[in-house]
Colleague: 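First, the structure itself, so that you have it in front of you.
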Amino acid sequence: MQETIVIGVIGSDCHAVGNKILENVFARAGFNVINLGVMVSQDEYIDAAIETNARAILVSSIYGHGEIDCIGMRDRCTERGLDGIPLFVGGNLVIGKREFKDVEVIFKGMGFDRVFGPDVDLQHVVDCLHQDIAVYNREHLAVEAAA
Amino acid sequence: MQETIVIGVIGSDCHAVGNKILENVFARAGFNVINLGVMVSQDEYIDAAIETNARAILVSSIYGHGEIDCIGMRDRCTERGLDGIPLFVGGNLVIGKREFKDVEVIFKGMGFDRVFGPDVDLQHVVDCLHQDIAVYNREHLAVEAAA
Amino acid sequence: MELQNKKIELPDFLAEREQVLTTWPTGKDVKFADGVKYQESLPEHKRFAAVLKKADQEGKTLSQPRAGVALVDEHIALLQGLQTACDLLPSTIDAYTRLNRYDEAAKGIAKSREAGTSLLNGFPAVNHGLAECRRVVEAVDKPVQVRHGTPDARLLAEITLAGGFSAYEGGGISYNIPYAKKVSLERSIRDWQYCDRLVGLYEEHGIRINREPFGPLSGTLVPPFMSHAVAIIEGLLALEQGVRSITVGYGQVGNIVQDIAAIRSLRALADEYFRAAGFDDFELTTVFHQWMGGFPENEAMAFSVISWGGAIAGMSGATKVIVKTPHEARGIPTMEANRQGLNATRQILNMVQDQVFPASDALAFEVELIKREVRAVMSKVFELGEGDIAVGTVRAFEAGVLDVPFAPAACNAGKLLPVRDNHGAVRVFEAGQVPLPEDVLTLHRDLIAERARAEGREPSFQMVVDDIYAISKSTLIGRPAK
Amino acid sequence: MELQNKKIELPDFLAEREQVLTTWPTGKDVKFADGVKYQESLPEHKRFAAVLKKADQEGKTLSQPRAGVALVDEHIALLQGLQTACDLLPSTIDAYTRLNRYDEAAKGIAKSREAGTSLLNGFPAVNHGLAECRRVVEAVDKPVQVRHGTPDARLLAEITLAGGFSAYEGGGISYNIPYAKKVSLERSIRDWQYCDRLVGLYEEHGIRINREPFGPLSGTLVPPFMSHAVAIIEGLLALEQGVRSITVGYGQVGNIVQDIAAIRSLRALADEYFRAAGFDDFELTTVFHQWMGGFPENEAMAFSVISWGGAIAGMSGATKVIVKTPHEARGIPTMEANRQGLNATRQILNMVQDQVFPASDALAFEVELIKREVRAVMSKVFELGEGDIAVGTVRAFEAGVLDVPFAPAACNAGKLLPVRDNHGAVRVFEAGQVPLPEDVLTLHRDLIAERARAEGREPSFQMVVDDIYAISKSTLIGRPAK
Ligand code: B12
Ligand code: B12
């Protein structure tokens, strides 16, 4: 089954190149990719995910304001009924050159399931997606169906 | 009065370029420069200084073995009657990139009056020479004359 | 709004101005006469246009970093730390301000105060306002330019120019297409006519402000002719509004012959088009941007990319070079990293300064090729605009005649696909609707085929992707792994 | 001793060998047959000549650091740390060993053990002996070369070649003139004939050892023609003794045209002279040394010097490049600094690898100029030697026909004074007795005069001194401060 995922670059961020590559990679990996492009607001991701019944949201932030733009994203998902939807974030997430593990702590703290640096191997991300979507389908959507 | 100074590169060191420049600079500054060139042993400096009645010995070490080659130089001078002669050392004195102040401590510990890094301003060295030779002439040679 | 390339009438400008100055509270402090007086008070060595002109006359290449942080005192400390290692200073504006989201910039300022470190990717000049901008200008001893990426940069221009900045980067195309998503080109060109008109007004009052179209666009495999066309159009639009000091720009692609040919042809073409449009009293200079695409993360490797850019900038004869840092792949550089980039650049600029890149058939060929490509595109733009370059530009983007690779703007066709040839020069793989002459297209096709043969694969989007990553993975050309 | 360029008779060689092996206790472990067997056991990818040949065929430029420390385990760790960042490995020998002062080297080893850090500026291979050398070779996965500066390198060669090193740098001129003070040229040439004969003997037994005359000489403003003449002579001497893999070298001067012309002419001339001497079964490759003179202390600036060297090495088509480090101005580099130099070099090599430096009149002119200069010098050397190049070389140094600037050797005239021209190329300011054609001398004089005019001063020794310091002070040409 072709799973749907939503991707885009959050906030006021205009970096388009990585986004075009992510679309290409995930599409070739068999996903139905809804690409919102650059400068996407939290609600735009969520609208798209609800509309397309997506199984994961992948947020990019390249320009450094990720630490501000991503605040509250998880709560907003939950609020709007996307309970437990896999939330990935990747890119140059904070201002300046900082240790990746510190950056990871910040974004995990915000409720992102997976945090990736700019040099991530995208094949690894595809694997993570399959894995997390499987769990999501089993746990959350099963619960929903039962409810 | 034209003071005589002895210069040369100590040990098995073949670096000749700085030595040629030092000769040129000190000669233009008015010194009578006895240049022993490269690969000079401790005794060769001292022989030359005695022979020419020199007022200072300037040792170069560029190749990194300075820390070994310079051991005992001050004692040898004293032994051979060059009591208190101004002893300068300069160049890339030790192996590796180390803090200059640590290098200075080592060579001052060996009895060198002045220690210089490779980026020293040679005009400053000329000033130091004049100063130290004046003191040497006053203190040591006066003593000698009195004796 | 009826867009046309025509100097904005003063009354219309002033009426618009009143409105612009109310879009954020700090606007109310700006008085034009006071701005002129303040600019007049700046000494020659802090006037951007004058310093550029001198360098141009002496055949020197000046260096300039990018730098900007959230808070004024920190920003001053940063520029003071950099000015001993460079010739020209920037103030890079944060991304919220670029999109006129001053409330978010305000939040960023507050959070940065809390965090004790800048959480913004630039200096929010509008929020800080006129007096603070002057504090910046006064605290440093080199000319300062506003560098940003703002489709509607009217208020920013009002505040920073009255604030003593003496150069202003950007343009209605170059600060829309790579930087925005939904801003119409009519809108951004019109708003930049305002900025240029403001600069023209300063000019009328004896204050020369330098204007610099942003050359690199998306920074990613942009063929020289396309960025040249944009730079020339923005130059023409600026001249019409009264701008007189113009620095046309170009982002390094990494092939020595193409890069040197690009700067040479850029200068020649700009001069030619500006004169053909009836202008002859402008000061034209050039800027070379060190590689603007993805950088290697390894800092030693990054130094080589920086250095190579510096070498080509110097040998091409560019008037200034915009300098990257060893932190590029990762994040906003520290002052120290920024200084390292500048020092590396200074060394290589000094080393190539007196060297002449030899005249050769290969170089002449590449210069001629770029010139023909630019002329083909420009004449179509004029044709579409029925003689009006502003109108022609909007229609050309609609038609895909002007087309910037990898740009986010909705009004950009995105059909032009570049790829490197077997020597690393950027060529056109898919032309989309860009009207290159048939023989030129054949040439590009042949050059790309040569590479494809060498790699034993067909040219494809994967080849393009490989090229996008290449420099960050330590090569120029994205060859398949053996 | 009657010096001549003639293959040493085997019995004479063997008799001498017996004596050589007794000059330090570790010599007794060396057995030639065992050395051959050991060399035979090395896999192809650890054989220097084979790896060079492959690179040459593929048009690649390989990178090689300098590195050596006092103790074996530390030396192994160092090479292991470097091998992931380079193509070829070195073992740089310490300065005591270079002068056969093995007792002092022993002291240095002892003191290094005590200090817990290397107090020697290289790896004392003779003191460590055969088995320890093999331990080094076995611990790494790339070919290893002995790099030194030893006038009498006979014992070192015996031990290291039997120890599995597969390349040996040096020569009777290039390891005397810049490295020694009182060693006669007859002596060093004769001792290097021994080394070459040893390599020839390995060759006769099917083991190809690469030999590399040391190109840069004093590393300080050496005009290309002079180092070319030395490299060609050492190549001829080596060929005569049976050497078959030869890498001729050159130290960067910093002017792009002169440097590229130097590598091109070096290869062409070496090939020409080697063939003219009746050899046709040699493998010829080239090595480009990144700037060998004084470096800037600022590491970012040093990176630019390194990178520029890498760029030119790549574009000149040199087979390998010897890499400097950001610590160069200060001291023996740490492994990390050495890796940084290699990483920077790798990046730029990869970026220029597929670029062709365009053919131009300027380049062709410079190639032709160097060729004429070399031919003029070489024909005088042959003439002085009455056809014997070994004899001719000794007489040529005596006569100042061969003359290396700033070299310490007493047998070097030191009359040749180089200085940069107005574009940074190294020219002849005072020719001494070097027999350059009159029109060539006039050309040099005119080029230097052009610079002098530009600087508003007469050419002088001060100008030379300014050039010596220039790169370390961040410029190529030592212009007077304005
Ligand atoms: C090209 C570029 C630009 C171009 C962008 C053109 C365009 N519209 O796309 C231009 C010149 C316009 C530009 C502008 C700016 N830029 Co910029 N830019 C770059 C640069 C050089 C390359 C980016 C790129 O295209 N890389 C290639 C792609 C393929 O890689 P990528 O973007 O990283 O994406 C990959 C990964 O990150 C990862 N990934 C990304 N998202 C996600 C999400 C998930 C879930 C996963 C798994 C993976 C993942 O996968 C992607 C594909 O491999 C980088 C530095 C660098 N990387 O070398 C700076 C950089 C990103 N820019 C930066 C900044 C700050 C800006 C500006 C604000 C200007 C400024 N102050 O300097 C403006 C942005 C304004 C705005 N509104 O956004 C900073 C960000 C700083 C920080 N985070 O601390 C960088 C890092 C440079 C720096 N060191 O200062 N930029
Ligand atoms: C050129 C050079 C060579 C040439 C020398 C040619 C010749 N015969 O002169 C060659 C290629 C032959 C060479 C060989 C070696 N070199 Co070398 N060489 C250099 C280099 C690049 C420049 C030296 C130079 O000429 N500088 C220009 C002159 C003008 O400056 P200077 O020599 O520093 O002298 C000035 C100052 O030091 C000062 N000064 C010097 N002495 C004194 C004394 C007093 C009293 C005062 C006040 C001032 C003073 O004033 C001088 C004039 O301004 C330096 C690195 C650098 N500096 O960039 C390495 C360097 C000096 N070499 C080095 C080494 C180790 C060697 C070798 C052992 C090989 C090796 N292992 O790498 C061999 C030496 C063998 C031997 N027997 O000595 C190391 C020394 C390392 C250390 N100290 O830790 C250096 C620093 C490179 C490095 N980072 O590894 N080298």
Colleague: With 3.5 angstrom as the limit, list the donor-acceptor pairs from chain A to chain C, or say none if there aren't any.
Modeller:
residue : atom : partner  : partner atom : Å
A:Ser12 : OG   : C:Arg101 : NH1          : 2.8
A:Lys20 : NZ   : C:Ala407 : O            : 3.4
A:Arg28 : NH2  : C:Gln462 : OE1          : 3.4
A:Leu36 : O    : C:Lys181 : NZ           : 2.8
A:Val38 : O    : C:Lys181 : NZ           : 2.6
A:Tyr63 : O    : C:Asn121 : ND2          : 2.8
A:His65 : NE2  : C:Asn121 : N            : 2.9
A:His65 : NE2  : C:Asn121 : OD1          : 3.0
A:His65 : NE2  : C:Asn121 : ND2          : 3.4
A:Asp69 : OD1  : C:Tyr96  : OH           : 2.5
A:Asn92 : ND2  : C:Ala329 : O            : 2.9
A:Asn92 : ND2  : C:Arg330 : O            : 2.7
A:Lys97 : NZ   : C:Glu299 : OE2          : 2.4

Colleague: Can you say whether C:Leu120 sits under 4.5 Å from chain A via the side chain, the backbone, both, or neither, judging by heavy atoms?
Modeller: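 Both backbone and side chain of C:Leu120 come within 4.5 Å of chain A.
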Colleague: So what's closer than 4.5 Å to chain A heavy atoms on C:Pro178: side chain, backbone, both or neither?
Modeller: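 The answer is the backbone of C:Pro178.
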Colleague: At what distance, to the nearest 0.5 angstrom, does CG of C:Leu119 lie from CD1 of A:Ile68?
Modeller: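 It comes to 5.5 Å.
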Colleague: Side chain, backbone, both or neither: which part of C:Ala410 has an atom under 4.5 Å from a heavy atom of chain A?
Modeller: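 When you check distances to chain A, no heavy atom of C:Ala410 falls under 4.5 Å.
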Colleague: Between A:Gly37, A:Gly11, A:Gly117, A:Gly96, which residue shows the highest count of heavy-atom pairs closer than 4.5 Å to chain C?
Modeller: A:Gly96
Colleague: Check A:Ala16 against C:Ala407 and note the closest heavy-atom contact, atom names and distance.
Modeller: CB-C, 4.4 Å
Colleague: Of all heavy-atom pairs between C:Pro408 and A:Cys14, which one has the smallest distance, and what is that distance?
Modeller: CG-O, 3.6 Å
Colleague: I need the residue from A:Val38, A:Val9, A:Ile62 with the largest number of non-hydrogen atom pairs under 4.5 Å to chain C.
Modeller: A:Val38
Colleague: Please name the pair of heavy atoms, one in A:Pro118 and one in C:Ala329, separated by the smallest distance, quoted to 0.1 Å.
Modeller: CG-O, 4.2 Å
Colleague: Taking everything shown except A:Glu51 itself, do over 12 heavy atoms lie less than 6.0 Å from its CD?
Modeller: no
